[in-house]
There are 2 protein chains.
Amino acid sequence: MKRPGHDGSDDEGQRAEHMPKRVDHEERRAQIAEALIRVAGRRGLHAVGMRDVAAEAGVSLRLVQYYFQTKEKLLFYGLQHLTDRFTARVGARLRDAGPEPGPRATVEALLLASLPTDEESRTFHLLYSSYSILSVTDEALAAQPFIDSPDAAENALTGLLERAQAEGLADPDADARTEAISLLAMTATMGTSILVGQRTPQSAVAVLDHHLDRVFRPGPRPPAA
Amino acid sequence: MKRPGHDGSDDEGQRAEHMPKRVDHEERRAQIAEALIRVAGRRGLHAVGMRDVAAEAGVSLRLVQYYFQTKEKLLFYGLQHLTDRFTARVGARLRDAGPEPGPRATVEALLLASLPTDEESRTFHLLYSSYSILSVTDEALAAQPFIDSPDAAENALTGLLERAQAEGLADPDADARTEAISLLAMTATMGTSILVGQRTPQSAVAVLDHHLDRVFRPGPRPPAA
DNA sequence: CTCTTCATGATACCGCCGTATCAACATCAT
DNA sequence: ATGATGTTGATACGGCGGTATCATGAAGAG
């Protein structure tokens with residue numbers, strides 16, 4: 001879709017004939033996508049244009065067209081890049097939690113990574129929300145695979161809670177999936193509240209901790225009646 | 001502020017001389033605002049133009065300009081109208097709950113009214129989310145008074161829960177405000193999940209009911225330890 | 001009736017934006 | 001050198017969208 005020869009993956013041995021390739025296409029695309037993310041994080045996804053992205057990336061408009069033929073493709077790639085970066089960020093947070101973190105520490109790392117506390121997470125939250133809202137009325141965007149990220153998070157969190165229950169660290173009477181859904185839902189909305197200045201990160205953490213205290217209480221409670 | 005006589009502000013006594021006015025300004029503005037809401041609900045707020053609104057309202061573009069000089073004013077008014085209509089809708093739901101509904105019925109009516117289950121609530125949820133996201137990067141929109149609607153809801157819900165506690169209908173050990181925040185936050189995110197087709201209204205109601213069951217349990221539990 | 005005021009409709013203007021095209025130049029492989 | 005590739009620049013076009021202008025219609029007051 002980009003070049004007469006190959007585009008970006010299977011050019012191992014065959015193309016060694018002649019081809020001066022000084023730059024990594026994927027790298028350039030990532031550069032431009034990050035420029036898109038930066039400018040969209042500042043001015044809003046709706047207000048970003050090809051020329052803005054080019055200027056932010058320090059390249060010519062022509063080059064943006066060269067690597068992404070259309071704006072739609074640029075937006076799709078930007079969304080993919082955004083989720084990739086966020087996934088990496090969550091992974092880093094988990095590693096920061098120690099070599100063998102307890103279930104609660106893991107869950108906390110997962111949830112807190114989603115709250116917009118610094119520039120990067122703020123931008124992520126804003127843009128991911130923007131894309132989600134757009135996907136409601138844009139079917140091309142809705143067909144994009146980013147939609148299932150929440151499902152993955154829900155399944156992961158459910159698994160963590162079930163494991164904690166099996167280890168006797170969490171309330172065995174709780175329904176793991178329901179609690180996972182609840183925690184993620186609260187985190188998402190409170191993230192937006194932080195974004196619009198309605199709530200502080202501290203208060204959001206307090207609410208989340210309250211529910212973690214409720215779920216992560218060891219031992220089987222005496223079953224009611 | 002919906003009188004045929006004056007429309008804005010400073011035309012109090014002087015102009016009472018002669019003035020043929022056949023239509024109610026405020027009524028026309030509401031009519032156009034609802035056209036805006038309809039078309040924005042279908043194609044997305046970002047895709048709405050003045051011409052679309054005019055066509056949807058069955059009037060000329062000039063008329064839209066006549067009542068709202070600028071698009072920004074139209075958007076602001078549309079937002080106001082949207083929240084007004086939603087408030088009325090919630091009120092109707094509360095009245096439907098019976099003449100003297102219990103606290104739990106009231107809370108349920110409040111929360112369920114926010115879930116996008118029919119066209120109207122779906123449109124409301126979509127547009128309110130769109131406005132919220134826009135307000136992050138548009139300070140003129142952020143200055144708009146619609147931001148405090150969530151605070152009002154939070155306070156109202158907190159009051160209801162406290163009343164239920166006082167009447168012995170809800171867990172007295174719970175923190176009313178924390179639970180109110182949690183319930184509203186879960187409702188909001190799950191509403192969006194319904195909007196994007198990720199979750200069914202039934203599953204959202206199930207999660208909410210689970211938490212209502214938790215909070216609305218009568219009598220003081222035997223305090224732990 | 002006529003004048004004033006409210007209200008409406010058609011059209012034009014202007015700028016931005018996505019996209020396309022053409023020309024040039026640098027660099028590296030052969 | 002030759003040629004393919006990466007990069008830039010300028011420029012243009014077609015459309016759309018918000019705003020502005022003009023002229024006209026409808027209705028009550030004198």
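First the proteins, then the strands, lettered A, B, ... as listed; each starts at 1.
A salt bridge links A:D209 with A:R104: the distance from a Lys NZ or Arg NE/NH1/NH2 to an Asp or Glu carboxylate oxygen falls below 4.0 Å.
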Can you name the atoms? Protein N/O to nucleotides 11-16 of chain D N/O, anything below 3.5 Å, with the distance.
none

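When each of B:R62 and A:V48 is assigned the nucleotide of DNA chain C with its nearest heavy atom, B:R62 is the one assigned upstream, toward the 5' end. Take the nearest nucleotide of DNA chain C for A:K71 and for B:S60: the residue whose nucleotide is more 5' is B:S60.
One atom, CD of A:E27, and another, P of D:dT5, lie 20 Å apart when rounded to the nearest Å. Atom pair A:K73:NZ and C:dG18:C1' shows a separation of 14 Å (rounding to whole Å applied). Rounding to whole angstrom units, CD of residue A:Q69 and P of C:dT21 are separated by 13 Å. Rounded to whole Å, the distance from NE2 on B:H46 to P on D:dG18 is 13 Å. Rounded to an integer number of Å, the gap from A:Q65 CD to C:dC22 P is 14 Å. Whole-Å rounding puts the A:E26 CD to D:dG6 P distance at 13 Å.
Among pairs with a residue in residues 121-134 of chain A, those fulfilling side chain to side chain donor-acceptor pair (under 3.5 Å) read A:D118-A:S121, at least two apart in sequence or across chains.
The shortest distance between the side-chain N/O atoms of B:Y66 and the OP1/OP2 oxygens of C:dC6 is not below 4.0 Å. For the pair A:T70 and C:dT19, the criterion of a side-chain N or O lying under 4.0 Å from OP1 or OP2 is met. Between A:H25 and D:dT5 there is no side-chain polar atom (N or O) within less than 4.0 angstrom of OP1 or OP2.
For the residue pair A:R62 / A:Q65, no side-chain donor-acceptor distance below 3.5 Å is found, with atom types taken as modelled. Counted by atom type alone, B:H211 and A:S182 present one or more donor-acceptor pairs between their side chains at under 3.5 Å.
Residue A:D52 is tested with A:R43, A:R38, A:K71 for a salt bridge (Lys or Arg N to Asp or Glu O under 4.0 Å); the sole match is A:R43.
Across every non-hydrogen atom of B:A142 and B:S135, the tightest pair is CB-O, 3.4 Å.
Geometrically, B:R89 does not engage B:F124 in a cation-pi contact defined by less than 6.0 Å to the ring centre and at most 45° from the axis.
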